[in-house]
Amino acid sequence: MKKTIRNAGKVGTLKEALSRIHDQSILMYGGFGGVGNPPTLIQGIYEKGVKELTLIGNDAGFPEIGIGKLVSRRRAKKLIASHIGSNPAAGQLMATGEMDVEFSPQGILAERIRAGGVGIEGILTDIGLGSMVEEGKQKVTVNEKEFLLELPLKADVSIVHAKKADIYGNLIYDKSARNTNPLVAMAGEFTIAEADEIVGPGELDPECIVTPGVFVDLVIPSEGVNWKWAWE
Amino acid sequence: MKKTIRNAGKVGTLKEALSRIHDQSILMYGGFGGVGNPPTLIQGIYEKGVKELTLIGNDAGFPEIGIGKLVSRRRAKKLIASHIGSNPAAGQLMATGEMDVEFSPQGILAERIRAGGVGIEGILTDIGLGSMVEEGKQKVTVNEKEFLLELPLKADVSIVHAKKADIYGNLIYDKSARNTNPLVAMAGEFTIAEADEIVGPGELDPECIVTPGVFVDLVIPSEGVNWKWAWE
Amino acid sequence: MGVGVDVRNQIARRAANEIKDGMIVNLGIGIPSLVSNHIPEEIHVMFHAENGILGMGESPEKGFEDEMLCNAGGFPVTLVPGASYFDSATAFGIIRSGYLDITILGGLEVDEQGDLANWIVPGKRVPGIGGAMELANKAKKVIVVMNHINKNGDPKILKKCSLPLTAKKCVNLIITDMAVIEVTEEGLLLKEVMSPYTVKEVLENTEAELQVSDDLAIFI
Amino acid sequence: MGVGVDVRNQIARRAANEIKDGMIVNLGIGIPSLVSNHIPEEIHVMFHAENGILGMGESPEKGFEDEMLCNAGGFPVTLVPGASYFDSATAFGIIRSGYLDITILGGLEVDEQGDLANWIVPGKRVPGIGGAMELANKAKKVIVVMNHINKNGDPKILKKCSLPLTAKKCVNLIITDMAVIEVTEEGLLLKEVMSPYTVKEVLENTEAELQVSDDLAIFI
């Protein structure tokens with residue numbers, strides 16, 4: 001996964017971002033239960049009419065919240081996630097066979113995304129052994145103990161929601177909206193961050209940057225959350 | 001690796017710390033070329049006379065710098081590291097067979113320590129394939145490609161050097177002295193942090209904490225670096 | 001059969017008794033999330049969330065929610081001093097390495113072996129695994145809180161789970177609207193009966209074999 | 001044979017020519033570390049260090065060193081705007097995922113296949129692997145800078161490496177005190193001769209077969 005890096009001037013537009021996302025793209029998204037899903041990018045993808053996506057992320061959001069909108073409007077042919085309970089549309093599409101769903105245990109999904117991002121070719125775990133999760137997976141025996149082999153996940157495009165970005169693509173996140181975003185940011189062949197605020201060089205504390213800019217290809221301004229939360 | 005957690009009041013003394021480190025302990029240390037090695041703990045271990053240690057860390061420091069002191073004074077029977085070039089004593093002890101040295105590629109060593117810390121039972125990589133590094137290691141074939149299986153590293157005791165700690169064991173590090181410290185902090189059955197400054201509850205920004213306190217068992221005040229750097 | 005607010009709180013209150021000072025605790029969605037309301041002030045607990053928080057505090061007051069500070073169920077929370085944020089990979093590193101003293105989970109079925117099924121009813125309900133598999137396998141103590149019987153009136157505590165398992169031999173304690181049951185090496189031990197139920201009612205509504213504790217108590 | 005400061009800087013100066021605006025670059029210890037001194041002001045480069053820095057700046061002035069801000073060789077550095085700190089696992093994640101445009105490494109031997117040996121002389125010198133194996137395998141462009149011959153006067157550019165390999169078929173460009181040699185599909189191509197050497201001297205001191213470029217240049 002080698003990509004062209006621009007060191008500076010990574011700031012661009014939603015239009016530029018959307019030019020990277022096509023029918024049948026493998027799209028990975030940061031967020032957990034809608035929190036940390038990038039709202040502007042998701043709305044843009046929806047309005048562009050992109051379809052037959054393979055989506056990879058923690059969950060299916062809610063029907064009208066976050067990534068859930070793309071799921072409930074039938075824009076995904078496949079979803080790799082840890083749960084879909086909060087989006088009944090996902091369950092229905094899975095039941096009718098309109099959308100293929102692959103489940104990973106939540107922390108293993110996070111590690112698979114990280115592995116994709118940091119160039120690790122597989123991880124061994126005992127999580128899921130003896131359960132439905134092991135179906136179709138290779139097993140490896142180490143010191144007479146058996147483990148499941150879980151493979152890395154990568155994407156054509158990763159989309160994340162940051163609190164602040166600088167022009168180099170360095171990112172910091174907002175409280176628990178960090179969740180899977182730093183992992184997803186590393187695993188995209190092309191990574192797009194939408195940020196609530198975009199700042200100049202040197203304005204982010206190097207000690208507090210969570211995602212180094214090298215992982216990010218394009219930064220666009222966020223228009224903020226455009227949905228009503230379940231708790232509201 | 002289940003350990004007793006105390007939520008607060010993790011602050012203790014060097015004496016308490018040293019009571020955890022014995023002859024033949026498996027001791028993992030943070031740091032890279034001496035930078036980030038915990039000086040007070042290393043000096044304490046040296047003065048206590050602990051010997052036959054198995055040391056796990058990035059490198060062997062310099063003869064009189066950082067972890068190097070324990071190596072050059074023959075306190076280790078085994079060293080797992082990525083290089084020992086800066087400490088000639090390590091090379092001599094290796095040549096005479098007084099110290100067993102196991103090399104890992106640097107980033108794979110870091111991932112093995114992380115794996116030990118986060119409960120991953122093995123990682124696959126192509127790094128080292130076809131080189132001396134593959135000797136004695138299990139190979140796993142995935143999609144007709146062969147990879148080396150690298151196993152997690154854990155320790156009886158991990159020692160790290162932090163810039164600031166709070167009483168819960170939350171840690172932040174100092175610039176490039178971060179290096180392997182956050183990884184090592186996770187991989188100890190018992191983890192001891194020496195900190196340049198110890199602060200009260202809530203004084204560290206939750207967004208900037210690098211090591212969550214749950215991984216740390218004991219915090220002691222650092223007396224600071226007690227060696228002269230090679231560049232000085 | 002759903003259970004009312006009072007009964008849900010009775011279960012949560014009983015579960016809260018298991019939490020001791022200094023513990024690291026993860027609460028699942030539903031009844032488990034109510035447990036934190038029943039922890040006495042003097043008990044200091046670090047609540048852990050799979051999305052990447054250690055040190056969650058109580059729910060914010062209405063109107064003071066921060067949409068970017070939520071628990072794993074997506075509901076707004078607050079922080080306590082000493083809290084930290086991290087990514088989900090680290091959150092599960094904490095779980096897999098065994099740092100959680102207690103996890104409190106919901107359940108669809110539990111059996112005599114301590115096996116737990118709580119993630120899928122094939123062909124009917126597919127919520128997905130979430131973090132349950134890691135929590136159930138790796139926490140030091142796994143407490144399942146649930147209704148004693150399902151909405152058809154059938155027992156959920158069985159000789160052998162019929163649904164796909166979340167984890168084997170993982171459950172330590174079962175707390176329901178009717179009973180508190182410990183999973184021991186010798187099988188299930190009925191330790192407490194929840195008021196107003198009787199031992200007879202518990203036994204009638206449990207498929208698994210239950211031994212009755214010598215010092216059986218009633219929890220009000 | 002050691003080489004003097006001027007020659008080391010000549011090599012470093014030539015290597016610096018390979019670095020273009022906007023690149024992510026990792027410099028090894030020794031001659032490679034001198035390369036940053038020869039980058040023109042208008043070229044913006046992000047220097048990466050294995051210990052966990054992206055965005056290293058020039059060396060601090062004497063007396064202004066920060067002992068906790070060092071490169072992978074343990075020498076004090078500074079930061080440029082946009083720099084960040086991270087742990088070594090992330091530093092190598094950046095390397096393994098192929099984000100480095102160029103890595104400049106020292107070498108003990110390079111051969112016609114582009115194989116590199118630079119980490120061990122069995123029985124003699126065991127510096128250890130360090131990050132060389134990952135850098136050599138995964139950077140987009142691998143430049144080896146070294147003396148053309150070893151201290152016994154023997155060639156270091158060989159038909160086939162004799163020492164244990166760091167990585168196979170990894171080297172793209174070799175820059176020595178005598179020559180600039182490109183590793184191509186068809187073998188080694190002598191592109192430049194370093195002043196004051198002649199093509200004849202380069203060929204005499206190289207065991208590997210060298211093709212001489214049609215537009216051979218002299219680097220002063």
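Proteins get letters first, then strands, A, B, ... in listed order; numbering begins at 1 in each. No hydrogens, no waters, no symmetry mates; every other heavy atom, side chains included, goes into these values. None of these values were measured; they are calculated from a predicted model.
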More than 12 heavy atoms from other groups under 6.0 Å of CZ on A:Arg74
no
For A:Pro105 and C:Glu134, which heavy atoms make the closest approach, and how far apart are they?
CB-OE1, 3.6 Å
4.5 Å side-chain heavy-atom contact, A:Met132 and C:Trp119
yes
Considering all heavy atoms, the nearest C:Met133-A:Ser131 contact:
CE-OG, 3.5 Å
Structural part of C:Ile120 lying under 4.5 Å from a heavy atom of chain A
side chain
Is C:Glu209 atom CD crowded by more than 12 heavy atoms from other residues, nucleotides or ligands, each under 6.0 Å away?
no
Which pair of non-hydrogen atoms, one from A:Phe32 and one from C:Ala72, has the smallest distance, and what is that distance?
CE2-O, 3.4 Å
Sub-4.5 Å heavy-atom contacts with chain A: which residues of residues 81-93 of chain C show up?
C:Tyr85, C:Phe86, C:Asp87, C:Ser88, C:Ala89, C:Phe92
Heavy-atom proximity to chain A below 4.5 Å, by part of C:Ala132
neither
What heavy-atom pair brings A:Lys175 and C:Leu69 nearest, and what distance separates the two atoms?
CD-CB, 3.9 Å
For the OG1 atom of A:Thr180 and the CD atom of C:Glu50, what is their distance to the nearest 0.5 Å?
13.0 Å
Between chain A and each of C:Ala167, C:Gly130, C:Pro76, C:Gly74, count heavy-atom pairs under 4.5 Å; write down the option with the most.
C:Gly130
Going by residue number, which parts of residues 79-96 of chain A are within reach of chain C, meaning a heavy-atom gap below 4.5 Å?
A:Ser82, A:His83, A:Ile84, A:Gly85, A:Met94
Indicate yes or no: at least one non-hydrogen side-chain atom of C:Ile129 is less than 4.5 angstrom from one of A:Val133.
yes
With a 4.5 Å heavy-atom cut-off, do A:Val35 and C:Met68 have their side chains touching?
yes
Let's test your reading of the structure: which of A:Ile113, A:Val101, A:Asp126, A:Thr125 forms the most heavy-atom pairs below 4.5 Å with chain C?
A:Asp126
Tell me which of these, A:Lys163, A:Arg178, A:Glu232, has more heavy-atom pairs under 4.5 Å with chain C than the rest.
A:Arg178
Pairs of heavy atoms under 4.5 Å with chain A: top-ranked of C:Ile95, C:Ile53, C:Val77, C:Asp66
C:Asp66
Where the side chain of A:Ser176 meets the backbone of C:Cys70, is there a donor-acceptor pair that is under 3.5 Å apart?
yes
From the list A:Ala110, A:Ala230, A:Ala60, the residue making the most non-hydrogen contacts under 4.5 Å with chain C is A:Ala110
In terms of heavy-atom proximity below 4.5 Å to chain C, should A:Val210 be classed as side chain, backbone, both, or neither?
neither
What is the minimum heavy-atom distance between C:Gly128 and A:Phe103, and which atoms define it?
CA-CE2, 3.5 Å
Mind checking the CG-CG spacing from C:Asn51 to A:Asn58? Nearest 0.5 Å is all I need.
8.5 Å
Side chain, backbone, both or neither of A:Ile108 within contact of chain C (heavy atoms, under 4.5 Å)
both
Need one label for A:Trp229: side chain, backbone, both or neither, based on atoms under 4.5 Å from any heavy atom in chain C.
side chain
Residues, nucleotides or ligands: over 12 heavy atoms within 6.0 Å of A:Glu98 CD
yes
